[in-house]
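Heads up: the structure comes next, in structure tokens.
Throughout, protein chains are lettered first and strands after them, A, B, ... in sequence-line order, and every chain is numbered starting at 1. Every heavy atom of this structure was used, including side-chain atoms; hydrogens, water molecules and symmetry mates were not.
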2 protein chains.
Amino acid sequence: MSFRRVKAAVLLIGDELLSGRTQDVNLRAIAKFLAPLGVQLAEARVVSDTPDVIAEAVNALRGKYDYLFTTGGIGPTHDDKTADAVAAAFGVKIDVREDARQILEAHYLSRDGLNAARLRMARIPDGASLIANPVSRAPGFQLGNVFVLAGVPSIVRGMLEDVGHRIEGGAIVRTVTIRGKGLREGEIAASLEALELAAQSVTFGSYPWFDAAGVGVHLVARSPDPEALAKAREDLIALVRASGAEPEEIEDV
Amino acid sequence: MSFRRVKAAVLLIGDELLSGRTQDVNLRAIAKFLAPLGVQLAEARVVSDTPDVIAEAVNALRGKYDYLFTTGGIGPTHDDKTADAVAAAFGVKIDVREDARQILEAHYLSRDGLNAARLRMARIPDGASLIANPVSRAPGFQLGNVFVLAGVPSIVRGMLEDVGHRIEGGAIVRTVTIRGKGLREGEIAASLEALELAAQSVTFGSYPWFDAAGVGVHLVARSPDPEALAKAREDLIALVRASGAEPEEIEDV
């Protein structure tokens, strides 16, 4: 049985992510949003607010994967360079677009109006379709297989609501996590590798944890094949038990 | 006056980061560790536990920047592929090394011994120097300009203690952050861009915030030149005041 794999990349754009000022949380949110649609993240990059660098990364990633999601750099200030960089990457023109302008005009009507800076957020590359922003209105856009989203996490989550219906996913990779309290990775590595070698369509991961409750390992199996995953689950439970610990199945964290 | 810029990249390695299982915090920790040493992060990538993919990213990034830091994939299980991939990237051999083996042997003496899986953590590429691990002993290593660190955040922080003295930094880029409560980006974008255009060695960033206290903007100036940064600080304070808000200087968050 074969499973169609659909892969995506994420490009996180912003000096503040590289300076350490801002802790990114969008990568994880996008990964968790895509998984049930049958799309796996295969790579992510973080780049600065530099047009050439953004354009180069957009072209590298959109050619390599089925989808690319960018975050950040589409606001009204001079350091928001993503829309122009994406247009440059595709070799298309960019200008203020009427539908985007109307959205912003309506939004700022009740405030102090649509000035030149805010109008920057209506600059949309030729051929793109808008992505609705239910939080602060200024739209994102889709150009080819590239989805250009905001950087603010609540806006990213809002925009993803207008992205899901555009995605053609493949097989959905599901996950099982078995917790072994008191286990150490070095004790189960050989048995786990034997499982990995024997498995056709399952990948296994091992993640040690340390907290106030002690130490242990989370063993994770991932597969698009429900039957193979069910067997992997039984195998992991048996492995933990054979190592002298009580296995506990947990929700993926 | 010119300032020597030293740039680094980070390569975060692990399926768990791309599946959304794990929230990375190492990128930010490394950025904050490097900044006072005079090293700026210029790019980061996140890749899966796939040897070819890791090796390709290592070679792309170590050639492009002064330093490369990798996290993850140096534990005892089959999904820990970083050490071998880094050796492959450099075209050098890798094998169990005596000094690393002794560290592990001493550590596991009081437990249940050094088995084959744990011995994997003593595999060190030829020509590398060890990086001490004060948390769980299994060392990281430095090969050329590449620092190979663990994935567990507390271990990363511990290993960085043995990294700082190996870094030749350049000019230290310092940051000033001015908070303008009630301000919106669209109101200050033009004045901020004017500052950016006039500045020689300062970059400005604008970051909107929304929380229970309301809305506002954090305006950030970054520069290796203390005099230019002091002027930028005054300019940002004046800009916020001119927009009708009370400026507040805050510690970089």
Which of [options] touches chain A most, by non-hydrogen pairs under 4.5 Å:
{"options": "B:Ala44, B:Pro76, B:Ala29", "result": "B:Ala44"}
{"options": "B:Thr203, B:Asn115, B:Val47", "result": "B:Asn115"}
{"options": "B:Ala117, B:Ala190, B:Pro208, B:Ser206", "result": "B:Ser206"}
{"options": "B:Gly75, B:Ala31, B:Gly186, B:Ser154", "result": "B:Gly186"}

Report task. List the atom of B:Val240, the atom of B:Gly180, and the distance in Å for their closest heavy-atom pair. Result -> CG1-CA, 4.0 Å
**Report entry** Heavy-atom pair of closest approach, residues A:Arg184 and A:Val217
**Finding:** C-CG2, 3.8 Å
Heavy-atom distance under 4.5 Å to chain A: side chain of [X], backbone, both or neither?
{"X": "B:Ala42", "answer": "backbone"}
{"X": "B:Arg222", "answer": "side chain"}
{"X": "B:Leu27", "answer": "side chain"}
{"X": "B:Tyr207", "answer": "side chain"}

Roughly how far, to the nearest 0.5 Å, is the [atom2] atom of [Y] from the [atom1] atom of [X]?
{"X": "A:Ile178", "Y": "A:Leu239", "atom1": "CD1", "atom2": "CG", "result": "10.5 Å"}
{"X": "B:Ser223", "Y": "B:Gln200", "atom1": "OG", "atom2": "CD", "result": "10.5 Å"}
{"X": "B:Asn26", "Y": "B:Phe69", "atom1": "CG", "atom2": "CZ", "result": "12.5 Å"}
{"X": "B:Phe204", "Y": "B:Leu219", "atom1": "CZ", "atom2": "CG", "result": "9.5 Å"}
{"X": "A:Leu229", "Y": "A:Asp235", "atom1": "CG", "atom2": "CG", "result": "10.5 Å"}
{"X": "B:Lys81", "Y": "B:Ser48", "atom1": "NZ", "atom2": "OG", "result": "8.5 Å"}

**Report entry** All side chain to side chain contact (heavy atoms under 4.5 Å, CB included) counterparts of B:Glu193, not counting sequence neighbours
**Finding:** A:His78, B:Leu197
Query raised in the report: Is there a donor-acceptor contact under 3.5 Å from the side chain of A:Arg45 to the main chain of A:Leu61?
Result: no
Query raised in the report: Under 3.5 Å, is there a donor-acceptor pair between the side chain of B:Arg21 and the main chain of A:Thr175?
Result: no
Report summary line: Checked A:Leu18, A:Val173, A:Asp79, A:Asp24 vs chain B; the most non-hydrogen pairs under 4.5 Å come from A:Leu18
Query raised in the report: Which one, A:Ser136, A:Ala35, A:Ala189, leads in non-hydrogen pairs under 4.5 Å with chain B?
Result: A:Ala189
Report task. With chain B as the partner chain, list the residues of residues 49-58 of chain A whose heavy atoms fall under 4.5 Å from it, by residue number, and write 'none' if nothing qualifies. Result -> A:Glu56
Requested in this report: Anything in residues 5-17 of chain A with a heavy-atom distance to chain B below 4.5 Å? Please list those residues in order.
Outcome: A:Asp15, A:Glu16, A:Leu17
Can you find a heavy atom in the side chain of [X] that is under 4.5 Å from one in the side chain of [Y]?
{"X": "B:Leu114", "Y": "B:Arg101", "value": "yes"}
{"X": "B:Glu187", "Y": "A:Arg118", "value": "yes"}
{"X": "A:Met121", "Y": "A:Arg137", "value": "no"}

**Report entry** Those residues that, when tested against B:Tyr108, pass side-chain hydrogen bond (donor to acceptor under 3.5 Å, both in side chains) (two or more places apart)
**Finding:** none
Report task. Please flag which part of A:Gln40 lies under 4.5 Å from any non-hydrogen atom of chain B: side chain, backbone, both or neither. Result -> neither
